[in-house]
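The block underneath contains the structure these notes are about, expressed in structure tokens.
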Amino acid sequence: MSTTEKKMNVGSFNLDHTKVKAPFVRLAGVKEGVNGDVVRKYDIRFCQPNKEHLEMPAIHSLEHMMAEFSRNHSDRIVDISPMGCQTGYYMAFINHDDYEDVLAILEKTLNDVLAANEVPACNEIQCGWAASHSLEGAKKAAKEMLEKRAEWATVF
């Protein structure tokens, strides 16, 4: 059995990255806690896997901006994390299962990125690598993602 046929522990490793069509937003995982809380993790894919990627300063700035701005639109966000492959982010919500609302929150957040004049917490006191940021790169990625808003629900 090849690696691609073997079921992996990480859900995204079971996704055929050659068949997806970025950009998209897909439910990547659901975990239920012992007390009944449910965390849903979304794959927010900005770039086509293995064909394009975001540059690290843009990823870093977009992470700061989405982490800060998204919480203005929802108190259900647990975390926003960049993917190591540099093609997107994971966004986790607790006790929130409305996919259309997730898309609306993301859209509002990316519009906030376009309106921003600075990257939040972009300094040595609040950031572990403050020299690695790009407001322009973050805005470009947000703009390109928003331009394809109608495609977000289509993964393949």
Side-chain angles (χ1 to χ4, degrees), residues 8-31 39-94 96 98-156:
M8 304 292 288
N9 292 323
V10 177
S12 290
F13 294 167
N14 296 311
L15 177 70
D16 187 338
H17 287 68
T18 65
K19 291 189 170 37
V20 298
K21 185 180 178 300
F24 60 81
V25 179
R26 74 175 185 93
L27 181 63
V30 179
K31 296 284 183 187
V39 175
R40 286 176 175 78
K41 178 177 75 172
Y42 292 88
D43 172 341
I44 302 172
R45 199 66 64 133
F46 280 69
C47 300
Q48 184 62 34
N50 299 300
K51 302 291 183 199
E52 56 187 2
H53 69 278
L54 298 169
E55 295 299 324
M56 283 308 299
I59 288 172
H60 191 189
S61 294
L62 195 52
E63 175 199 9
H64 275 230
M65 298 169 93
M66 289 195 310
E68 180 65 19
F69 301 153
S70 64
R71 287 167 169 87
N72 294 330
H73 305 296
S74 176
D75 63 354
R76 302 292 182 153
I77 295 167
V78 175
D79 188 40
I80 297 175
S81 307
M83 295 176 178
C85 62
Q86 300 174 235
T87 62
Y89 298 82
Y90 289 111
M91 191 172 194
F93 287 80
I94 191 164
H96 184 61
D98 185 338
Y99 177 75
E100 291 302 322
D101 191 48
V102 168
L103 298 182
I105 291 164
L106 179 60
E107 181 176 10
K108 290 174 193 173
T109 299
L110 293 176
N111 276 308
D112 291 344
V113 169
L114 294 182
N117 295 317
E118 65 182 10
V119 176
C122 179
N123 59 70
E124 290 186 4
I125 294 170
Q126 296 174 292
C127 178
W129 192 236
S132 177
H133 280 281
S134 173
L135 176 62
E136 298 77 20
K139 285 186 172 203
K140 179 179 184 283
K143 180 179 182 290
E144 289 173 358
M145 186 73 168
L146 283 166
E147 285 173 349
K148 296 188 175 184
R149 168 63 176 90
E151 300 173 25
W152 289 0
T154 305
V155 179
F156 299 98

Does [X] reach the side chain of [Y], with side-chain heavy atoms less than 4.5 Å apart?
X	Y	value
Lys140	Glu136	no
His60	Ser132	yes
Val102	Tyr42	yes
Leu15	Asp43	yes
Ile59	Pro82	yes
Cys47	Glu144	no
Met91	Ile105	yes

Tell me every residue that passes side chain to side chain donor-acceptor pair (under 3.5 Å) with Asn14, counting only those two or more places apart in sequence or in another chain.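 Per chain and number, Asn14 pairs via side chain to side chain donor-acceptor pair (under 3.5 Å) with no residue.
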Kindly write out the residues that satisfy side chain to side chain donor-acceptor pair (under 3.5 Å) with Lys148, not counting sequence neighbours, or none if the list is empty.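 Here no residue qualifies.
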If you apply the rule side chain to side chain contact (heavy atoms under 4.5 Å, CB included), what do you find for Tyr89 with Asp79, and how did you get there? CA-CA 10 Å; Tyr89 298 82; Asp79 188 40; over 6 Å; no
Got a second to check how far [X]'s [atom1] is from [Y]'s [atom2], nearest 0.5 Å?
X	Y	atom1	atom2	value
Phe93	Arg76	CZ	CZ	10.5 Å
Tyr90	Ile80	OH	CD1	14.5 Å
Asp101	Lys108	CG	NZ	6.5 Å

Quick one: does any side-chain atom of Arg149 pair with a main-chain N or O of Met145 as donor and acceptor, under 3.5 Å?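 Not confirmed, Arg149 side chain does not pair with Met145 backbone.
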Verify, without hydrogens or angle tests, whether Tyr99 (side chain) and Leu27 (backbone) share a donor-acceptor contact under 3.5 angstrom.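 Such a contact is absent between Tyr99 side chain and Leu27 backbone.
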List, one per line, each side-chain donor-acceptor pair under 3.5 Å for residues 111-118, sequence neighbours excluded.
unit_1, atom_1, unit_2, atom_2, d
Asn111, ND2, Glu107, O, 3.1
Asp112, OD2, His73, NE2, 2.6

Show the numbers, then the answer: is there a side chain to side chain contact (heavy atoms under 4.5 Å, CB included) between Gln86 and Met56? CA-CA 7 Å; Gln86 300 174 235; Met56 283 308 299; 3.7 Å; yes
How about CD on Glu124, more than 12 heavy atoms from neighbouring residues, nucleotides or ligands closer than 6.0 Å, or not?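 Check fails, neighbour count at 12 or below.
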Side-chain donor-acceptor contact under 3.5 Å, His53 with Thr87: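 Judged by distance alone, the side chains do not pair up.
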Scan side-chain atoms only and decide if His17 and Asn50 contain a donor-acceptor pair under the 3.5 Å cut-off.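 His17 vs Asn50: no donor-acceptor pair found between side chains.
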